[in-house]
Amino acid sequence: MTKSTKAALLSGLIFPGIGHIVLKQYLRGSLLMLPALVAMSAIMKIAYQQAQAIVDRVVSGEIPLEAGAISEMVANSSIDSDSLISNISVLVFLACWLIGIFDSYRIGSRLEE
């Protein structure tokens with residue numbers, strides 16, 4: 001497997017920036033990892049808050065302990081104040097992910113020549 005393919009796969013399948021680290025491009029890898037980690041943290045925090053709100057409603061008896069009712073609440077759950085942060089976080093993470101794949105492949109191809 002070529003360096004470029006390996007780096008692109010690592011960035012695409014593991015985490016953005018890992019391919020750059022493998023190619024010894026530590027600064028570029030770190031610059032992709034940092035915003036991706038921040039974005040992922042924001043996404044996970046919002047998901048945890050939404051899950052905790054549903055659990056609290058189940059424990060209080062507001063929602064019956066049935067898979068269908070809980071599934072409906074999960075599908076309909078949305079915290080409006082966090083939706084903008086959530087959308088921006090997802091976009092940042094996807095941008096880092098795509099940039100990581102294409103840039104690590106480009107750098108790997110250049111290093112192979």
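Taking a 4.5 Å side-chain heavy-atom cut-off between Ile, Leu, Val, Met, Phe, Trp and Tyr, the cluster of Leu91 contains only that residue. Through direct or relayed side-chain contacts under 4.5 Å between Ile, Leu, Val, Met, Phe, Trp and Tyr, Val90 connects to Ile43, Leu94, Trp97, Leu98, Ile101, Phe102. In the hydrophobic clustering, Met40 connects to Leu10, Ile14, Phe15, Ile18, Ile21, Val22, Tyr26, Met33, Leu37, Met44, Phe93, either directly or through intervening members, whenever side-chain heavy atoms lie under 4.5 Å apart. In the hydrophobic clustering (ILVMFWY side chains linked at under 4.5 Å, chained through shared members), Ile99 is joined by Leu32.
Distance OG/Ser109 to NZ/Lys3: 11.5 Å, rounded to 0.5 Å. Taking CD1 of Ile54 as the reference point, atom CD1 of Ile63 lies at 6.5 Å (rounded to 0.5 Å).
Taken together through direct or relayed side-chain contacts under 4.5 Å among Ile, Leu, Val, Met, Phe, Trp and Tyr, Leu84 and Val92 form part of one hydrophobic cluster.
Under a 3.5 Å cut-off, the side chain of Gln25 and the backbone N or O of Ile107 do not form any donor-acceptor pair. Formation of a donor-acceptor pair under 3.5 Å by the Ser4 side chain with backbone atoms of Gly108 is not found in this model. Checked by atom type and distance alone, the side chain of Thr5 never pairs as donor or acceptor with a backbone atom of Met1 at under 3.5 Å.
Between Pro16 and Ser11 the shortest side-chain heavy-atom distance does not fall below 4.5 Å.
Applying the salt bridge (Lys or Arg N to Asp or Glu O under 4.0 Å) test to every pair with at least one member in residues 86-104, sequence neighbours left out, gives these pairs: Arg28-Asp103, Asp103-Arg106.
When the salt bridge (charged side-chain N to carboxylate O under 4.0 Å, His left out) test is applied to Arg57, the partners found at least two apart in sequence or on another chain are Glu62.
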